[in-house]
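Read through the structure below, which is laid out as structure tokens, and then see the notes.
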Amino acid sequence: ARRVVVLISGNGSNLQALIDEQQHDRLGGEIVAVISNQADAYGLKRAQEAGIDAVALPHREYDSREAYDGALIKVIERHEPDLVVLAGFMRILTPRFVQRFLGRLINIHPSLLPAYQGLHTHARALADGVAEHGCSVHFVTEELDGGPVLLQAAVEVAEDESEDSLKEKVHAREHLIYPIAVKWCLEGRLQFRDGGARFDGTPLPEQGLR
Ligand code: GAR
């Protein structure tokens, strides 16, 4: 079976969506380890509950980003993954890390990229009064939140939308599209080639599949 390592920092609801798919034999592979930079991340409990190897690797115990990412690379490689999945992993990765896993490293981001890269995406979208917001799955490159987009899901922003309600709506879409993206990556349908993303061999547009 294809092997997946998931990196988290917190609640791990996206991890849970992936675990649920795996338990229904729909993921197209096996989550072999979950690694968190926060020892108290609830997602580690979700992994343990599902019988998945759960590893806490606190970044505070390392002197530099390079040292931490070096340790992270070692732990990940021990599990020989075909795909490394960032699911709410709230750390910027070094170029060395990104290069090591380039083309088999994906992330989910809570906006319709290229809009709202970075943090506080829901608050910023609301403040701008946009009609549409959402989430994106993308290949990770050295450009922060700038790698080629694979899949997006959009939600309508209501008149009386609050930050919490918007976040909740987007989360629900994340849980739908991330398992699909993971499955298509594991099947080789989504591929990173020549710096871009392809679906069944065809280059994807800037916003990926929607
Ligand atoms: C998700 O909304 C994900 O898009 C976001 O963190 C949340 C994690 O939730 N990721 C980022 O902001 C990456 N910069 P979860 O732990 O419940 O899956």
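Count residues from 1 along the sequence. Every number for a ligand or one of its atoms is a count from 1 in the order of the listing.
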Check residues 78-87 and write down every donor-acceptor pair under 3.5 Å in which the side-chain atom is one partner and the other belongs to a residue at least two apart or another chain.
unit_1: D82; atom_1: OD1; unit_2: R2; atom_2: NH2; d: 3.3
unit_1: D82; atom_1: OD2; unit_2: R3; atom_2: N; d: 2.6

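- Protein residues with a heavy atom closer than 4.0 Å to ligand 1 are N11, G12, S13, N14, G88, M90, I108, H109, P110, H171, E174, listed by chain and number.
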Under 3.5 Å, which donor-acceptor pairs do the side chains of residues 202-210 form with other protein atoms, sequence neighbours left out?
unit_1: R210; atom_1: NE; unit_2: Q152; atom_2: OE1; d: 3.2
unit_1: R210; atom_1: NH2; unit_2: Q152; atom_2: OE1; d: 3.4

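- Residue E168 qualifies as open at atom CD: its count of foreign heavy atoms under 6.0 Å is 12 or below.
- A salt bridge between R100 and E77 is present, with a side-chain N of the basic residue lying under 4.0 Å from a carboxylate O of the acidic one.
- Partners of H138 by ring pair (Phe, Tyr, Trp, His ring centres under 6.0 Å), not counting sequence neighbours: none found.
- For R104 and F192, the positive end is not near the middle of the six-membered ring at less than 6.0 Å and at most 45° from its axis.
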